[in-house]
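First the structure, in the form of structure tokens, and then the observations on it.
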Number of protein chains: 2
Amino acid sequence: MEKKKIVTGFSRLSKDEKLELISAVQKSPQAFVAEMKSYWHSDDQTQLKFDEFSENTISNYFIPYGVAPNFVIDNKNYIIPMVIEESSVIAAASNAAKWWASRGGFHTEIVSTKKIGQVHFIWHGDNSKLKALFPLLKTRLFEGTAEITSNMENRGGGILDIELVDMRHEIADYYQLKAEFETVDSMGANFINSCLEEFAQITRTFFLQEPGFVNGEKDCRIIMSILSNYTPDCVVKSWVECDIEELGTIDDDMSAEEFVWKFDHAVKIAQIDPHRATTHNKGIFNGIDAVALATGNDFRAIEACGHTYASRSGKYSSLTELELKDGKFKYTLTVPLAMGTVGGLTSLHPMAKRSLEMLNNPTAHNLMRITATVGLANNFGALKSLVTKGIQKGHMKMHLMNILNQMEATDKEKKHAIEHFTEHKVSFRAVQEYLNSVRVEVLK
Amino acid sequence: MEKKKIVTGFSRLSKDEKLELISAVQKSPQAFVAEMKSYWHSDDQTQLKFDEFSENTISNYFIPYGVAPNFVIDNKNYIIPMVIEESSVIAAASNAAKWWASRGGFHTEIVSTKKIGQVHFIWHGDNSKLKALFPLLKTRLFEGTAEITSNMENRGGGILDIELVDMRHEIADYYQLKAEFETVDSMGANFINSCLEEFAQITRTFFLQEPGFVNGEKDCRIIMSILSNYTPDCVVKSWVECDIEELGTIDDDMSAEEFVWKFDHAVKIAQIDPHRATTHNKGIFNGIDAVALATGNDFRAIEACGHTYASRSGKYSSLTELELKDGKFKYTLTVPLAMGTVGGLTSLHPMAKRSLEMLNNPTAHNLMRITATVGLANNFGALKSLVTKGIQKGHMKMHLMNILNQMEATDKEKKHAIEHFTEHKVSFRAVQEYLNSVRVEVLK
């Protein structure tokens, strides 16, 4: 696109006007508009919902919606909806689920469910006075947010505690109000942020009006009021357990001892090497994000939190650990997951609603259990492949199908190509050359 | 769903059979099937592509596809495709883009573009012998992968270097082959993994056949061979710069000095407090992931890498920094981004292809520049809101629209509700009560 002047008033245009304006700078404007429209939902009211989730929307982006059957979690069976564009993720989750289903399935535990919000402020004055008056401020904060919290309290949640944190060793005159929240089945971002912005108003007024504060002490400068996506106290565990000898069935070419020895090393490596830990955890989030997306949860929040948690020791490390004791293999994922099953997109996105129905309309706790379990299943599946046959075999088969589709191979060509490439290395060029040679044969 | 027995052969069922099987355990099987099918693309061939991206697919998940106009990056104008379900993200990116467009826009720099892969192995033997023979092994590794790398070399990439890393201080007998790759315009995962699995074969053979190694030394046990998603040497910078006094125009109620003082504090807080850093960086990835999704890149890989990078000092910290010098405001994001514009889904997903066209078919380098810039724009927009009006005002308006849509409010009801809630706090209950009262009025 050539350099051109700034567009004004774009957000106020209708969807069709936006589409027209953007298509004008595309190579084939009509084809562009037709393609964008081909992804609209056929029902106008349904499409309108998607249009209004975010801004300047002109179409929908499709991500495959798949299912992983055979998950047994805390003795219940689940078919799990997963939204993911990457090949092998759903297959790996399904395979791990099936293998573990006949070995007791997955077990889970909610460790804690507290969420965190902060009001960051700068205040210059007598610290002992602030400390002495904080209990009074705290009362005012609870009282002043009673209207916002009443509904949440009826559902069993609310503000759990508010703490004054002295941060002056880091930044001059810097303090935090650090509040803990229980948001029950909602992710709670709006609730927490509404409370915090109210806290900020109340705090400002408190310093101004409280007679104990004099002169400059009356001036509390709020920097910002915002929830923290880092929730190290909103944590779930998921684990699998079996006799070591049972792992002899996991790969035809490997004994239980050899598999476990390799698996154990793979886990230890992910614990000590950040280069490996990143990829190890990435595989966990393949599964977690797929469920988060399918159920209308915010995967950016989940990712940010999980990775910060993985670095909490001072060295970025694995989120899983293996215990080998008394002939038992026990593999555990511990991960913070702030998820919701009411509010936000969970009930607005029609497919998210269906996903939650598919999971038997879980509480947020149960969704945490399910989601962590899928993360563990994907990690187990990835490690299993890595320490046995390697991942390229499976990946390459999927990759081959994608290349064949792009080259518009016929069903017959696909069938022959799959046979051919069981013996040959898949690459874009190799598939192209193969198809060309086959097609030339046909023309002869 | 009640406890039931394991489903076998699910993956081999046709899409319709899968749908039928899953619908049978839903509350309204027919409605379930109809809804899933309503999200299929009307063109069978197009739908087939989506079906084959991953496994057990039964439908498509819609995420709004929107655009952020007015991005000026390195003196070129862009309309940026963004795929995101969260409200306010595209609006924030667009607003920041427009504000900076008339102040020189965004500037970027590719710091480096190396990618990393590792072969992890256990070997017990004379370390000095291994060190002495490593140059020979290295030659064999390059020679043995010549067939795989030739195509990549023609495009200007390939294997840059292979290093032997002694990790015995961490785990007994543990070594790595750590290789650096340049993958040009592809993300390169398949290429790197194919090289690494070949390295593993060659290495195993090398220990076995090289006469220098005796007895147990002939036995090299490969744990796994896999790329690292952590690429601290595949990094891009994006920054904005203006005179401090210009920031007086950014908010009606705030002077340039006050805004910059607050903004500076907000950035410093994100540098020293992991609770705040997580959320600060989450806002960056709102923008980055939206572009990654739109262009068919893997956001889980990008997230894992970026957050590990944010923790590299030993304390999870902000990815941005502010420089205030000589009356200038310079705000910079530094982020690792391993992205591709060829291969993978980039050309297979029809919408990803359109997104890349919209960005003028960028090289991977240019896509890194663009993507980092959107991340910076979103972070700037978020901080701007946080230190001025707070985020709830904007969020709550979007939230209100979503609640109104869910309650199937008419256009007239929406219009009145928007007016009403400029003066009242938005909550699900408040909107419900408001709508009920309005609707009762009408019935009277």
Side-chain angles (χ1 to χ4, degrees), chain A residues 1 3-4 6-7 10 50 52-57 59-67 69-70 77 83-85 87 90-91 101 120 151 170 193 197 223-224 228-230 265-266 269 272 275 278-279 282 285-286 300 303-304 307-308 311 314 316 348 351 360 386-387 390 392 401-402 429, chain B residues 1 3-4 6-7 10 50 52-57 59-67 69-70 77 83-85 87 90-91 101 120 151 170 193 197 223-224 228-230 265 269 272 275 278-279 282 285-286 300 303-304 307-308 311 314 316 348 351 360 386-387 390 392 401-402 406 429:
Chain A
M1 196 173 315
K3 195 172 171 177
K4 50 192 272 301
I6 300 310
V7 184
F10 184 81
F50 290 103
E52 292 186 356
F53 287 158
S54 51
E55 305 83 35
N56 292 351
T57 47
S59 191
N60 313 296
Y61 192 82
F62 283 22
I63 307 187
Y65 183 96
V67 289
N70 293 326
N77 273 59
V83 172
I84 187 142
E85 84 295 350
S87 64
I90 294 179
H120 306 268
N151 202 22
E170 295 276 10
N193 287 332
E197 293 195 358
I223 301 297
M224 57 191 162
S228 172
N229 288 119
Y230 184 43
H265 272 85
I269 289 168
I272 58 110
H275 270 284
T278 304
T279 315
K282 191 268 183 190
F285 286 101
N286 275 343
R300 281 92 50 209
E303 286 268 358
H307 293 294
T308 301
S311 73
Y316 186 89
L348 296 174
M351 297 283 276
N360 215 13
L386 283 172
V387 303
Q392 284 310 87
M401 287 308 292
N402 283 333
R429 201 178 56 167
Chain B
M1 198 173 312
K3 194 169 171 177
K4 51 193 270 302
I6 300 309
V7 183
F10 184 80
F50 291 104
E52 292 186 355
F53 287 158
S54 50
E55 304 84 35
N56 292 351
T57 48
S59 191
N60 311 297
Y61 192 81
F62 283 21
I63 307 187
Y65 183 95
V67 289
N70 294 325
N77 274 59
V83 172
I84 187 142
E85 84 294 351
S87 64
I90 295 180
H120 306 268
N151 201 22
E170 296 276 12
N193 287 332
E197 293 195 357
I223 302 297
M224 58 190 161
S228 171
N229 289 120
Y230 184 41
H265 271 86
I269 289 168
I272 56 109
H275 270 284
T278 304
T279 316
K282 191 268 183 189
F285 286 102
N286 275 343
R300 280 90 53 209
E303 287 267 0
H307 293 294
T308 301
S311 73
Y316 187 89
L348 296 173
M351 298 284 275
N360 215 13
L386 283 173
V387 303
Q392 284 308 86
M401 287 309 292
N402 283 333
Q406 201 191 1
R429 199 177 59 169

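These numbers were taken from a predicted model, which means no experiment stands behind them. We use all heavy atoms of the structure for the numbers below, so side chains are in, but hydrogens, waters and symmetry mates are not. Numbered from 1 within each chain, the chains take letters A, B, ... in sequence-line order.
- Side chains of B/F10 and A/V67 form a contact here, defined as non-hydrogen atoms less than 4.5 Å apart.
- With chain A as partner, the option from B/V387, B/T57, B/I223 having the largest number of non-hydrogen pairs under 4.5 angstrom is B/I223.
- Summarising the geometry of A/M351 relative to B/N60, their closest heavy-atom pair is CE-O, 3.1 Å, with the distance given to 0.1 Å.
- Atom CD1 of B/I84 is separated from atom OG of A/S54 by 7.0 Å, given to the nearest 0.5 angstrom.
- For A/H120, the part lying under 4.5 angstrom from a heavy atom of chain B is the side chain only.
- When the candidates A/G66, A/S59, A/S311, A/A266 are compared by the number of heavy-atom contacts under 4.5 Å with chain B, A/S59 comes out ahead.
- Heavy atoms closer than 4.5 Å to chain B are found in the side chain of A/V83, but not in its backbone.
- Nearest heavy atom pair, residue B/P64 against residue A/F53, reads CG-CB, 3.7 Å.
- A donor-acceptor pair under 3.5 Å is absent between the side-chain atoms of A/N70 and the main chain of B/I6, judged by distance alone.
- B/S87 places a side-chain heavy atom less than 4.5 Å from the side chain of A/E55.
- Across A/L386, A/I272, A/I269, A/N151, the residue that shares the most heavy-atom pairs under 4.5 angstrom with chain B is A/I269.
- When ring centroids are compared, B/Y61 and A/F62 stay outside the 6.0 Å threshold.
- Residues satisfying the side-chain hydrogen bond (donor to acceptor under 3.5 Å, both in side chains) criterion with A/T308, sequence neighbours excluded, are B/T278.
- For the residue pair B/P69 and A/N56, the shortest heavy atom distance occurs at CD-ND2, 3.7 Å.
- Every residue meeting the side-chain hydrogen bond (donor to acceptor under 3.5 Å, both in side chains) condition with B/Y65, not counting sequence neighbours, appears here in chain and number order: B/S355.
- Between B/T279 and A/S228 the shortest heavy-atom distance is OG1-CA, 3.3 Å.
- The structure places NE2 of A/H307 at 6.0 Å from NE2 of B/H307, a figure rounded to the nearest 0.5 Å.
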